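Numbers for residues simply follow the sequence, beginning at 1. Read the numbers this way: they start at 1 and go in the same order the structure lists the ligands and their atoms. These figures come from a predicted structure and were not determined experimentally.
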Amino acid sequence: MAALNDPLSSARRLVVKIGSALLVDGESGRLRRDWLHALADDIRLLRERGVQVAVVSSGSIALGRRVLGLGGQRMRLVEKQAAAAAGQIRLAHAYQEAMARHGIAVAQILLTLQDTEIRRHYLNARSTVDTLLKLATMPVINENDTVATEEIRYGDNDRLAARVAQMISADTLVLLSDIDGLYTADPGVDKEATFIPRVERLTPEILAMAGAARSDVGSGGMVTKLEAARIAMEAGCHMAIARGTQLHPLSRLMEGTSRCTWFMARSNPAAARKQWIAGGLQPSGHIRIDAGAVRALNEGKSLLPAGVVAVEGDFQRGDAVVVADEAGTPLARGLVAYNSRDARVIAGHKSGEIGQLLGYRGRDEIIHRDDLVLLNKE
Ligand code: GLU
């Protein structure tokens, strides 16, 4: 069994999604503090092994409903939003307290669907989470339920967690919920249902196994989990569906004492991202570069403003552009770190002058090498 859990033992950047049913007691509506503390122990263990961990946690609505006296009744959207507002503050505090026992700082990030879809929001969220992880702080992420209206909300944290994993180039995503993985049919209904330990491809047969199983407390079902798997796998991220009901769910997975279903990505996050840059985006401009910059690019370096001789087109920060030599021959594609107006201002200048020229300090590179794909090489 241990071999099947390999992606977790080789993870470098991990996103763990925590379902409401784990964190909040269904009967009393109270936080299961012992469970959360055990999870915090697991996270510390992973971090000691050098794994960067971000958490996507549900539970704000489940916690908030008790606080607002909305007990067992069915809530309208506005009530859910109010419950989320009351619950989120408690949720964040609970994580802060649990991680502080290990001297680990946490930071809260609330995202909407738009933040993961609109490029500039996406890039900002990406760099914030990235910066937090590099500063050894644990991001605790949830949907910003209070502003997300019905049409424009995820509503489930399974897909949100997968988009976060993709956004931050995580190599592993674990969805902890009240089910231990994928079955050929809903095991609650069909006694013949058999467990599937590993999925290499999301075939129509696999998708058909999802049915519409739902748990009581959270919002996700197997359908949203398989949608999450698709997002993760396309981003080069392995994903597990695992039961988190017992204490120390992550340690149990690592030891092989709990089973889970692994959805195996065939690529890795860096390669998947480069593929997306190379083929998935319509370029909105051209940047021409001098011979020195061409050499630097061929050696795998970033593109600095000093090597830029001309900027063509109208683009925003984060848009895809074509990089060409002085004669106009396309050499690479990349995501540009400045909009076209600012790119024209800094073109031909040293990176050290950027602050003075623009009045703000952006990146040293006009296209970072992680955001650059050479056309004939990769
Ligand atoms: N964002 C919701 C909450 O924190 C949970 C969504 C879900 O259950 O997946 O309560």
Please classify the Asn142 to ligand 1 contact at 4.0 Å (heavy-atom distances, strictly less than): side chain, backbone, both or neither.
side chain
Under 4.0 Å from a heavy atom of Ser60: which atoms of ligand 1 are those, numbered in the order shown and with their elements?
3 (C), 4 (O), 10 (O)
Hey, is Glu79 close enough to Arg65 for a salt bridge, meaning N to O under 4.0 Å?
no
For Asp145, the ligand 1 atoms with a heavy-atom partner under 4.0 Å come out as 1 (N), 2 (C), 3 (C), 4 (O)
Do Arg363 and Tyr338 meet the cation-pi criteria used here (NZ or CZ under 6.0 Å from the six-membered ring centre, within 45° of the axis)?
no
Tell me whether Glu143 has any N or O atom under 3.5 angstrom from an N or O of ligand 1.
no
For ligand 1, is there an N or O atom under 3.5 Å from any N or O atom of Asp156?
no
Is Asp130 salt-bridged to Arg13, going by a charged N under 4.0 Å from an acidic O?
yes
Could you tell me whether the side chain of Asp319 and the main chain of Gln316 form a donor-acceptor pair under 3.5 Å?
yes
Gly59 near ligand 1 by a heavy-atom separation under 4.0 Å
yes
Shortest non-hydrogen separation from Phe195 to Gly181 and the atoms involved
CE1-CA, 3.8 Å
